[in-house]
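Scroll down for the structure; my scribbles are underneath it.
The chain is numbered in sequence order, starting from 1.
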Amino acid sequence: MTIHNNHAGEEPVAPVLELSKVSKHFAGVQALGGVSLRLFAGEVHALMGQNGAGKSTLIKVLTGVYQADQGEMRLGGKRINARSPLDAQHLGISTVYQEVNLCPNLSVAENIFAGRYPRHGVAGAWGIDWARMHRESAAMLARLNLNIDVSQTLDSYSVAVQQMVSIARALSISAQVLILDEPTSSLDDEEVERLFVVLRQLRAQGMAILFVTHFLDQVYALSDRITVLRNGELVGEYPAAELGHTALIAAMVGREMLAPTAHAAGPQEGVGTQQPVVLQARGLARAGHVKPLDVTLHRGEVVGLGGLLGSGRTELARLLFGLDQSDAGELAVNGTTVTMDSPVQAIRLGLGLCPEDRKAEGIIGELSVRENIALALQARQGLWPCISRTQQAEMAEYYVKTLGIKTHNIDTPIGQLSGGNQQKAVLGRWLATKPSLLILDEPTRGIDIAAKQEIMNEILVLAKEGMAVLFISSEMEEVVRVSDRIVVMRDRAKVGELPGGTDDHAVYAMIAGQA
């Protein structure tokens, strides 16, 4: 058995939980390939990797949602095989998810004891022992330094408190291993620190904690060791103190980080920044989502948002487009200060957004290509006058031809098209509104190479014709290839700007805090 030494001079100890050479395939696609993981008592272990690295699949194997195709899992030295999340809980493995998955209409105490309420009498014949349940729930929360009325419904408390209740429930089943899957994504800085105080206490009490996050600063604030996955495979396991920001990012993205060749504190002096300002944000923020930042977008300019998953890129796009409302700062469009409180207002002000999740937020699969392309223009005009079918057809035919959308005809349901052609149709929808600013959030995700190149070329053409473009992509090579400037984000905050022509090493270096 692999051994681990927590501190110099201590006897080697065995892992509480150990996965050895675990593999999982889905329809011929390798989600995990021979991954190993060790969790020790009294430590916080960060699991890191980019989107698609295999973190979620590994957690689902750990918690019994998926069964591994190969490999083994041992808990306390004994081989186990969790067949379901309930089975995993009985074994002593508990999970707290990004989204609180409790019952908001039930009381705090009922949520903690759901499915196993203490009862009066022989075999519980006299009903639920409410006094005992309230007393034990309060005691569990007190262990987490939380003193609240456990008889109140869960939805009467903040998300941060609800996360603490989730942890209390996990601990109430005598968990040996606590898995935290993005627990801080909806918390502000103060709430994060409060959670970390609790997790440090649990660590001191001997709990083995697996911490999954996209926030680099949080990894180093809390973690003792780090395991990195990439493309479903194990990159390595490292003591957190020996793996710096730059080395961690290099392990996640699969390349050595070079020192930045050039960077600038402000925008590049070029054609784009000499053009009129389309949008300007000053101190724009939303608590728990985006920290106060400044950003300026000019006519005819492509501005890339560089950052790892969870850096706040999509959250910023949603603020600019009115999908979420800011609670600090100000926003000006074409020189006029506005309160962006809805997407309809954004459309009327000349903004367009191709969202990250095109299937859930971009297309309406049952409607035709024609109807999907006409949607945004109709929204800008209001319910009346309706765009006639003839006008819809002319518009759709134009963009099908211009963007090379492959479809049997414009009345084909858009859900029947390939991902790349769906994305082109969503792009056509926004071009039909003739926006002054187009926000593209992962416009090339999940599409083939040829379609990707066509969309990238179209972005450059649009900018040349005078449109401002805010471009977001997880593929850093795409960002640096098309951008006149790059706004770099980390942990929900803007950390700097780089000029066009910068290579991706410089972007990663700035993310790591090296630049």
Side-chain angles (χ1 to χ4, degrees), residues 50-51 98-99 158-160 163 182-196 213-219 221 265-267 277-297 303-333 337-343 345-346 349 351-357 361 437-443 468-474 476 479 483 485-498 507 510-513:
Q50 296 206 93
N51 194 28
Q98 174 179 350
E99 301 295 334
S158 69
V159 173
Q163 284 285 23
E182 296 285 356
T184 63
S185 61
S186 299
L187 308 183
D188 61 28
D189 290 345
E190 184 177 336
E191 292 168 335
V192 168
E193 186 50 44
R194 185 176 179 182
L195 174 62
F196 281 10
T213 183
H214 292 299
F215 301 127
L216 298 184
D217 291 348
Q218 293 180 12
V219 170
V277 172
V278 174
L279 179 144
Q280 186 168 37
R282 292 193 182 95
L284 196 69
R286 177 177 169 85
H289 294 79
V290 179
K291 296 175 183 177
L293 57 74
D294 298 344
V295 65
T296 302
L297 302 171
V303 174
L305 275 186
L308 301 178
L309 194 67
S311 61
R313 300 169 308 179
T314 293
E315 290 80 356
L316 176 58
R318 292 177 62 88
L319 279 184
L320 297 178
F321 196 65
L323 286 166
D324 296 327
Q325 279 69 60
S326 63
D327 49 29
E330 64 178 33
L331 185 65
V333 177
T337 300
V338 299
T339 301
M340 196 71 76
D341 55 12
S342 74
Q345 182 190 12
L349 289 169
L351 277 63
L353 169 66
C354 291
E356 178 180 19
D357 188 346
E361 301 177 341
L437 168 62
L438 184 58
I439 303 169
L440 300 173
D441 191 358
E442 299 285 3
V469 178
L470 183 63
F471 180 72
I472 303 170
S473 175
S474 297
M476 204 63 71
V479 174
S483 300
R485 280 188 296 128
I486 302 168
V487 173
V488 183
M489 299 190 70
R490 181 183 70 235
D491 297 343
R492 301 172 176 157
K494 176 182 173 181
V495 293
E497 291 192 9
L498 294 166
V507 181
M510 182 170 279
I511 292 170

Going by side-chain hydrogen bond (donor to acceptor under 3.5 Å, both in side chains), name the residues that satisfy it together with [X], two or more places apart in sequence or in a different chain.
X      : value
Ser311 : none
Lys494 : Glu497
Gln280 : Arg282, Thr296

Residue list, ring-ring contact (aromatic ring centres under 6.0 Å, His included) with Phe321, at least two apart or on another chain: Trp430

Short side-chain to backbone donor-acceptor contact, [X] and [Y], under 3.5 Å:
X      : Y      : value
Gln218 : Asp491 : no
Asp294 : Gly283 : yes
Arg313 : Ser473 : yes

What closest approach, in Å, do [X] and [Y] show between heavy atoms, and which atom pair accounts for it?
X      : Y      : value
Gly306 : Ile486 : N-CG2, 4.0 Å
Leu437 : Val469 : CD1-N, 4.1 Å
Gly322 : Pro343 : O-CD, 3.6 Å
Val219 : Thr213 : CG2-CG2, 3.5 Å
Ala281 : Leu331 : CB-CD1, 3.9 Å
Ala285 : Lys291 : CB-C, 3.9 Å

With rounding to the nearest 0.5 Å, note down the distance linking [atom1] in [X] to [atom2] in [Y].
X      : Y      : atom1 : atom2 : value
Ile439 : Leu305 : CD1   : CG    : 9.0 Å
Leu320 : Leu353 : CG    : CG    : 9.5 Å
Ser326 : His289 : OG    : NE2   : 12.5 Å
Ile511 : Arg490 : CD1   : CZ    : 8.5 Å
Leu279 : Leu297 : CG    : CG    : 5.5 Å
Leu319 : Met340 : CG    : CE    : 10.5 Å

If we check side-chain contact (heavy atoms from CB on, under 4.5 Å) with Met489, which of these qualifies: Ile472, Leu308, Leu293? Leu293

Arg318: partners by salt bridge (Lys or Arg N to Asp or Glu O under 4.0 Å), with sequence neighbours left out: Asp324, Glu361

Sequence neighbours left out, what passes salt bridge (Lys or Arg N to Asp or Glu O under 4.0 Å) with Glu315? Give chain and number order. none

Measure the shortest side-chain to side-chain distance between Val290 and Leu284 over non-hydrogen atoms and say whether it is less than 4.5 angstrom. no

